[in-house]
Structure formats: structure tokens, C-alpha cells
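Heads up: the structure comes next, in C-alpha cells.
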Amino acid sequence: MIRNALSLMVSCVIATGLIIGMWYLTFTHASQTAAWTISVRPNRGLPLTLPAPALPTRVLRNDVDVTASVPAARATARAQSAPAAACANSDALGIGRVVEIDTSEGPSFGNARTAAMDFLNDKEVVLSFDDGPWPGNTPAVLKALADECTTGVFFTIGKHASYHPELLRQVQAAGHIIGTHTWSHANLNSKKLGAQQVKDEVEKGFSAAKLVLGNSPAPLFRFPQLQSNAAAVSYLAQRHVGMFSADIDSLDFRRTSTPDKIVERVMSELEKRHKGIILMHDFQKNTAIALPALLRRLKEGGYRVVRITTRAPYETEPEYDAAILKDFRMPALRAPLTSAVRTVSQ
């Protein structure tokens, strides 16, 4: 009798322990899952706190629109709000939705006059910036975007990245996606450039960005001066690179382009097209000055910013990584003083 009672008590204790253990595991799992949940609120253009790249790929893919690399594909609208704390600016422009691009077949985007893919819906824009990073201007552009809790695509020049590595790292730290714009801003459509030189410009640009950032940039590319040819396009497609042109050129590089003129030109073109990839330069001072006003006008006009992501990073070629490391001796590769010298007694 006593033995049966003891057995019953032991069984109860074990059962209680199992119940508590299951409750703990369930609660812990739910808490961890909730920490990575991305809330989806369609078409409200809500602010997104940057950066967001730390989210696991499997979660991010479940909550973005996937743009395939075939001409008939078109992303469907679905907005993504902040995965972390809310933006400090309650009236920020924010981000309307996030689009993931599969670049495996070398798709082209921008310029409605071509057969390029158009994944934008009405009242949607992509903010893109060329020729950086550059002192003064790039930090001002980053601040303007941060103040509005929005994002852009930065097409960096390899040489500029090597001159100012800390600035390109700031772009990455702010959560923006980074593509490339050749090594030296060479016109790849020039008859003076042979196939090898075109390849060098492309690959050195990607390798320079990789060595500065510590990881590969996105497989996104914009041709300098928007000048391309069949051979260059074919090479980039073989390297699984998505090529971006533009729908709206701010013409911010012109000497006559004041900040006010930049804003008015972009908004005027948007009134005609109702959407588009906007081309600007974080190399240009007037762009840095104009951007806060432009972002406000976009907000007032009901436009939503689309954030671009890619399915995979660019796979650089080892020979170009080695060449950049050996021949160009970028400041980014110098060890900081604190890693070489330390105080052992005082």
C-alpha cells in the first residue's frame, strides 16, 4: 500500500516537472519567434527603422515580395513595417514595401523606353545614389534618409570606396544596400575599352567594395553615364548581376542644377510617370542639400519608397580580390593602432 502511494507521488512529481518543462520551452520559443516577427501592413508607407540586414534570411524572404528574373514577373504589393523600435519621426516618409530581386539571370531595371523589368506599382519610387562615397555629401545624404526613416541603393565607385572606406562602411551600417558603379567610372560603351578592360572595371569595382566592407556587396550594377553595349550587358548577365538604369534623372550633376531645381525636376517627372527609379549622386553637394526637401515632397505627394534587397551577394573573383589587396593598398586594409600597440603597464 505504502509502496503504491510512493509510486503515485513519484509519478506526480515527474508529470509536474514535464509540464513545467514543456511550458518553459513553449514560452521561450514563442518569445524568440516574436522577436523576429515582421508585421505586414499593406500600403501605409510606414517608417522602417534601419538597419534591418541582421534579420535571418528565412524570415526576411517570408515577408518581402520576390521579383523573379524573367521579364513577365512583377512584384505584388505588401508593406513591411519596422522589425525593431518605431521611427523617432512619427510623420516620416518611411518604407512602403521591400522587394527581393533574384539576379541570377541578369535582369535589367529602369528606363521605361526599354524592355527592362518594371516592378514598381503606382506611386512607388526607388531612391538611388551614384559615385560615392564622398566626404561631406555622403554623410549628409545618410542623415536625410535617416531623418525620414527611409532607404536607398548606393552604387559606389571602387576608387572612391578605397579613398574613403569609413564612409562606405557608414552606408552599410545604416542598413542601405550597396551595389557598384565600376572601378574608375569608365564609360564601358567606349570604343577605347576592350573586353578585358570592361571586365577589369566591373570586377575591380566589386572587389574594392568587398575589401572595404568586409563582405560582398549586392550583385547590382549601374553603368557610368548610363552607357552600355551588348557585350558589357552580356558579361554582367553571365556574372548574375542585376543592372539598374533610371526612370527619372535628377540631373544633379549639372552646374545649373541648384537644390530647388533638383527637387522640382524630380517631382515634375514623377507627375508624368507616377513612379520610378530616381537617379541622384551622393557625390554632389547640391543633392545632399536638396534631399531633405525632396523627401518631404515625396511624403506630401503620397509616394512610397521601395527598399531593394537581393537573394544573394555578389561572388567576387579571387584574382581581383588579390589584385586589389596587393596593388592598391587601400587605407581600409591598414590595421588600427589599437590592434598593434597596447599598454602593458602604467
Side-chain angles (χ1 to χ4, degrees), residues 45-48 50 87-96 109-113 120-157 160 164 167 170-171 174 176-177 179 181 185 222-227 244-308:
L46 296 177
L48 175 62
L50 300 175
C87 176
N89 181 0
S90 60
D91 189 41
L93 173 61
I95 294 175
F109 304 94
N111 194 345
R113 292 172 297 178
L120 295 177
N121 298 319
D122 192 53
K123 289 281 187 175
E124 287 187 337
V125 297
V126 171
L127 305 174
S128 64
F129 303 90
D130 288 6
D131 294 1
W134 204 250
N137 303 334
T138 299
V141 167
L142 292 178
K143 183 181 185 305
L145 295 173
D147 287 346
E148 291 291 340
C149 300
T150 195
T151 190
V153 184
F154 287 76
F155 294 97
T156 182
I157 293 176
H160 289 181
H164 309 288
L167 294 182
Q170 288 178 25
V171 176
H176 306 291
I177 194 167
H181 196 45
H185 203 266
R222 180 176 272 153
F223 286 96
Q225 303 175 43
L226 303 181
Q227 295 290 311
F244 271 72
S245 182
D247 300 308
I248 298 169
D249 190 343
S250 68
L251 301 180
D252 56 356
F253 59 89
R254 291 183 175 178
R255 292 183 179 180
T256 56
S257 287
T258 64
D260 289 343
K261 287 183 178 180
I262 292 171
V263 174
E264 292 305 320
R265 174 174 174 77
V266 171
M267 296 309 299
S268 175
E269 290 297 310
L270 278 176
E271 288 179 6
K272 300 174 186 177
R273 297 178 178 271
H274 308 292
K275 61 179 180 178
I277 298 170
I278 302 172
L279 168 58
M280 296 173 280
H281 298 79
D282 57 316
F283 180 78
Q284 299 293 335
K285 183 177 180 179
N286 282 333
T287 296
I289 297 172
L291 193 56
L294 176 59
L295 297 180
R296 279 287 85 198
R297 290 282 297 274
L298 291 174
K299 170 70 175 178
E300 293 165 0
Y303 290 94
R304 299 176 298 276
V305 174
V306 172
R307 174 176 177 156
I308 302 298

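Numbering starts at 1 and runs along the sequence shown.
- Between T150 atom OG1 and H176 atom NE2 the span is 8.5 Å, to the nearest 0.5 Å.
- Without hydrogens or angle criteria, N137 side chain to A288 main chain gives no donor-acceptor distance under 3.5 Å.
- I157 contributes atom CD1, which lies 11.0 Å from atom NE2 of H164 (distance to the nearest 0.5 angstrom).
- When atom types are taken as modelled, the side chain of R273 and the backbone of D247 share a donor-acceptor pair closer than 3.5 angstrom.
- Contact check on K272 versus E269 returns a salt bridge, with a Lys/Arg side-chain nitrogen under 4.0 Å from an Asp/Glu carboxylate oxygen.
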Evaluate the side chain to side chain contact (heavy atoms under 4.5 Å, CB included) criterion for residues L142 and V171: first the C-alpha distance (whole Å), next the side-chain angles of each, then the deciding distance (0.1 Å), finally the verdict. CA-CA 7 Å; L142 292 178; V171 176; 4.1 Å; yes
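- G132 approaches T156 most closely through the heavy-atom pair O-OG1, 2.9 Å.
- Put simply, the side chain of Q225 does not reach to within 4.5 Å of the side chain of F253, judged on heavy atoms.
- In this structure the side chain of M280 reaches within 4.5 angstrom of the side chain of L291, judged on heavy atoms.
- A donor-acceptor pair shorter than 3.5 Å can be found between the side chains of D252 and T287.
- The minimum heavy-atom distance linking R265 with S250 is given by the pair CD-O, 3.5 Å.
- Using modelled atom types, one side-chain atom of N89 and one backbone atom of D147 make a donor-acceptor pair closer than 3.5 Å.
- The CG atom of L294 lies 7.0 Å from the CG atom of L127; values are rounded to the nearest 0.5 Å.
- Using a 4.5 Å heavy-atom cutoff, the side chains of E264 and T258 are not in contact.
- Residues S245 and I277 fail the side-chain proximity criterion, which asks for heavy atoms closer than 4.5 Å.
- Residue S128 comes nearest to I278 through the heavy atom pair OG-O, 2.6 Å, listed as atom of the first residue, atom of the second, then distance.
- Here CH2 of W134 is found 14.5 Å from NZ of K285. Values are rounded to the nearest 0.5 Å.
- Here the side chains of N111 and L226 are not in contact, with every heavy-atom distance at 4.5 Å or above.
- The CZ atom of R254 lies 8.0 Å from the CG atom of D249; values are rounded to the nearest 0.5 Å.
- Remark: side-chain polar atoms of E148 are paired, donor with acceptor, to backbone N or O of L93 under 3.5 angstrom.
- For the residue pair F129 and G152, the shortest heavy atom distance occurs at CE1-CA, 4.3 Å.
- Counting all heavy atoms, side chain and backbone alike, K299 lies closest to A92 at NZ-O, 3.5 Å.
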Side chain to side chain contact (heavy atoms under 4.5 Å, CB included), that's the test. Do L298 and L270 meet it? Break it down for me. CA-CA 9 Å; L298 291 174; L270 278 176; 3.4 Å; yes
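- Rounded to the nearest 0.5 Å, atoms CD (E300) and CE (M267) are 8.5 Å apart.
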Under the criterion side chain to side chain contact (heavy atoms under 4.5 Å, CB included), I'd like the reasoning laid out for V141 against F154: C-alpha separation, chi angles, the key distance, then a yes or no. CA-CA 11 Å; V141 167; F154 287 76; 4.0 Å; yes
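- R304 places a side-chain N or O within donor-acceptor distance of the main-chain N or O of D122, the cut-off being under 3.5 Å.
- The two residues A144 and L295 make their nearest non-hydrogen contact at O-CD1, 3.4 Å.
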After noting the C-alpha distance and the side-chain angles of R222 and D130, does the key distance pass the side chain to side chain contact (heavy atoms under 4.5 Å, CB included) rule? CA-CA 8 Å; R222 180 176 272 153; D130 288 6; 2.7 Å; yes
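- Looking at K123, its side chain does come within 3.5 Å of a backbone N or O of G301 through a donor-acceptor pair.
- Side-chain contact of D131 with H160: a donor-acceptor pair under 3.5 Å is absent, judged by distance alone.
- Side-chain contact between F244 and V153 is absent, with no heavy atoms from C-beta onward closer than 4.5 Å.
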